[in-house]
Trainee: 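Sending over a structure as structure tokens; questions will come in a sec.
Just the heavy atoms: all of them, side chains too, but no hydrogens, waters or symmetry mates, feed the values below. One is the number of the first residue; the rest follow in order along the sequence.
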Amino acid sequence: MNHTMKWVYDDGGASNYYKGPAYDCVTRAIAIATGRDYKEVLDIVNDYVRKEPLDERYVRNARNGVKKEITDKLLKDLGFKWVPTMKFGQGCKVHLRDDELPSGTIIVKLSKHICCIKDKIIHDTFNPTRDTGQGSKRCVYGYWIIKES
């Protein structure tokens, strides 16, 4: 059975404010997962980005990418819990497939990308599965879920 995840185009509301490409997957994923307005989330993410020491590799704007350490701190502060699916040197154990990830709303960490999954449907501006026809081989390093109160 093919466990390829369905994908729907979802920019998290970015097109209400901006046109053209951006490296804003952190902002988009948070906006989609929380239902918050894209611009509101962008302002929050930019606050985190601008507090970090200047790094030549990153422009201080969340639409140009966000460092892993900032993403981790931000999601923790927003009430998300990290669930690792891979340990260093272990190899990939969980893939971007509907039979390997939980139901509900999660934000998954992939290589150089994060995206939101709602009820096993990917919400993103492109399909990140790298599907081979036999199901996705894209490795999931872990995911964030909303902590239970």
Side-chain angles (χ1 to χ4, degrees), residues 1-49 52 57-59 61-88 90-148:
M1 182 175 193
N2 187 341
H3 291 281
T4 299
M5 297 189 89
K6 291 182 182 172
W7 164 74
V8 295
Y9 180 89
D10 191 339
D11 71 0
S15 59
N16 293 331
Y17 301 98
Y18 300 98
K19 302 295 178 222
Y23 298 99
D24 62 344
C25 64
V26 172
T27 302
R28 282 187 284 112
I30 294 169
I32 294 165
T34 63
R36 292 168 103 167
D37 180 75
Y38 176 88
K39 184 70 167 79
E40 173 191 351
V41 174
L42 180 65
D43 290 343
I44 292 167
V45 178
N46 271 330
D47 285 345
Y48 277 75
V49 168
E52 289 298 309
R57 297 173 296 162
Y58 292 90
V59 177
N61 185 313
R63 287 192 42 85
N64 296 319
V66 178
K67 292 183 352 183
K68 176 193 178 307
E69 298 80 15
I70 297 171
T71 301
D72 292 344
K73 180 175 179 6
L74 170 62
L75 286 165
K76 181 180 176 189
D77 290 352
L78 289 174
F80 285 82
K81 177 185 172 192
W82 173 247
V83 178
T85 58
M86 184 175 169
K87 294 180 183 173
F88 183 77
Q90 178 186 47
C92 187
K93 301 289 185 196
V94 176
H95 303 87
L96 199 53
R97 295 166 43 109
D98 65 7
D99 62 332
E100 296 184 23
L101 290 167
S103 295
T105 299
I106 61 174
I107 295 176
V108 297
K109 171 69 176 132
L110 310 166
S111 58
K112 299 182 181 187
H113 188 58
I114 71 170
C115 67
C116 180
I117 299 175
K118 289 183 167 186
D119 295 320
K120 301 194 181 224
I121 298 173
I122 299 166
H123 290 250
D124 206 345
T125 55
F126 66 96
N127 185 343
T129 60
R130 296 181 183 160
D131 192 355
T132 62
Q134 303 296 316
S136 178
K137 300 290 185 195
R138 184 94 187 245
C139 189
V140 174
Y141 299 134
Y143 55 88
W144 291 273
I145 58 171
I146 293 285
K147 288 182 191 172
E148 298 296 323

Trainee: Only one of D11, D10, D124 passes side-chain hydrogen bond (donor to acceptor under 3.5 Å, both in side chains) with R28; say which it is.
Mentor: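 Checked D11, D10, D124 against R28; only one passes side-chain hydrogen bond (donor to acceptor under 3.5 Å, both in side chains): D124.
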Trainee: Could you check D72 against K68 for salt bridge (charged side-chain N to carboxylate O under 4.0 Å, His left out), going step by step and ending with a plain yes or no?
Mentor: CA-CA 6 Å; D72 292 344; K68 176 193 178 307; 2.6 Å; yes
Trainee: For Y141, does its backbone N or O pair with a side-chain atom of K109 as donor and acceptor, under 3.5 Å?
Mentor: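 Between the backbone of Y141 and the side chain of K109 there is no qualifying donor-acceptor contact (under 3.5 Å).
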Trainee: On a heavy-atom basis, which atom in A31 and which in G12 lie closest, and how many Å separate them?
Mentor: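 Nearest heavy atoms, A31 then G12: CB-O, 3.7 Å.
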Trainee: Go through it in stages, so that I can follow the logic: the residues are Y48 and D77, the test is side-chain hydrogen bond (donor to acceptor under 3.5 Å, both in side chains), and I'd like the CA-CA distance, side-chain angles, deciding distance and then a yes or no.
Mentor: CA-CA 11 Å; Y48 277 75; D77 290 352; 2.6 Å; yes
Trainee: Looking at side-chain heavy atoms only, is the closest gap between T34 and L78 below 4.5 Å?
Mentor: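 They are not in contact (no side-chain heavy atoms under 4.5 Å apart), so the answer is no.
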Trainee: What pair of heavy atoms forms the shortest contact from R36 to I44, and how long is it?
Mentor: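 Answer, listing the atom of R36 first, then I44: NH2-CD1, 3.7 Å.
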Trainee: Donor-acceptor check, side chain of K93 to backbone of T85, threshold 3.5 angstrom: yes or no?
Mentor: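 No; zero donor-acceptor contacts below 3.5 Å.
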Trainee: Between atom CG of D98 and atom CD1 of I122, what is the distance when rounded to the nearest 0.5 Å?
Mentor: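 If we round to the nearest 0.5 Å, D98:CG and I122:CD1 are 9.5 Å apart.
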Trainee: Within this structure, what is the CD1-CD1 distance for the pair I107 and I146, rounded to the nearest 0.5 Å?
Mentor: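 Taking CD1 in I107 and CD1 in I146, the distance rounds to 7.5 Å.
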Trainee: Go through L101 and V94 one step at a time and tell me if the side chain to side chain contact (heavy atoms under 4.5 Å, CB included) criterion holds.
Mentor: CA-CA 8 Å; L101 290 167; V94 176; 3.8 Å; yes
Trainee: Please determine if D37 and K39 form a salt bridge, counting it only when a charged side-chain N lies under 4.0 Å from a carboxylate O.
Mentor: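 No, D37 and K39 are not salt-bridged.
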Trainee: Quick one: which of T105, T71, V83 gives a side chain to side chain contact (heavy atoms under 4.5 Å, CB included) with W144?
Mentor: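 That would be T71.
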Trainee: With a 4.5 Å limit on heavy-atom distance, are the side chains of K120 and K6 in contact?
Mentor: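 SC-SC contact between K120 and K6 ruled out.
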Trainee: Do the non-hydrogen side-chain atoms of L42 and Y17 ever get within less than 4.5 Å of each other?
Mentor: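 Sidechains of Y17 and L42: no contact.
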Trainee: Looking at every heavy atom in both M86 and C139, which two are closest together, and how far apart are they?
Mentor: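 So the minimum-distance heavy-atom pair works out to SD-SG, 3.6 Å.
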Trainee: Do you know the tightest heavy-atom contact between W82 and G142?
Mentor: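 Scanning both residues, the minimum pair turns out to be CH2-CA, 3.3 Å.
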Trainee: What's the separation between atom CG in N46 and atom CD1 in I70, rounded to the nearest 0.5 Å?
Mentor: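 It is 10.0 Å, given to the nearest 0.5 Å.
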Trainee: Once side chain to side chain contact (heavy atoms under 4.5 Å, CB included) is applied, do any residues pair with E69, and if so which ones, sequence neighbours excluded?
Mentor: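 E69 satisfies side chain to side chain contact (heavy atoms under 4.5 Å, CB included) with K67 only.
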Trainee: Please name the pair of heavy atoms, one in R63 and one in A14, separated by the smallest distance, quoted to 0.1 Å.
Mentor: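 Distance-wise, the nearest heavy atoms are NH1-CB, 4.5 Å.
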Trainee: Before you tell me yes or no, could you show the steps for V66 and L74 under side chain to side chain contact (heavy atoms under 4.5 Å, CB included), namely the whole-Å CA-CA distance, both residues' side-chain angles and the distance that decides it to 0.1 Å?
Mentor: CA-CA 10 Å; V66 178; L74 170 62; 5.8 Å; no
Trainee: Check whether R138 reaches the backbone of S111 with its side chain - one donor and one acceptor, N or O, closer than 3.5 Å.
Mentor: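 Flag set: sc R138 to bb S111 pair under 3.5 Å.
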Trainee: Would you indicate whether the side-chain heavy atoms of L110 and V140 approach each other to under 4.5 Å?
Mentor: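 Yes. Closest side-chain heavy atoms under 4.5 Å.
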Trainee: Could you tell me whether the side chain of T129 reaches within less than 4.5 Å of the side chain of W7, counting heavy atoms only?
Mentor: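 No, every pair of side-chain atoms sits at 4.5 Å or beyond.
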Trainee: Sequence neighbours left out, what pairs pass ring pair (Phe, Tyr, Trp, His ring centres under 6.0 Å) with at least one residue falling in residues 99-128?
Mentor: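 Every pair satisfying ring pair (Phe, Tyr, Trp, His ring centres under 6.0 Å) with a residue in residues 99-128: H113-F126.
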Trainee: Not counting sequence neighbours, list each pair that qualifies as a ring pair (Phe, Tyr, Trp, His ring centres under 6.0 Å) and has a residue in residues 23-42.
Mentor: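 Qualifying pairs, neighbours excluded: none.
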Trainee: So for atom NZ, which belongs to K112, do other residues, nucleotides or ligands contribute more than 12 heavy atoms lying within a distance under 6.0 Å?
Mentor: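 No, because the 6.0 Å sphere around NZ of K112 holds 12 heavy atoms or fewer from other groups.
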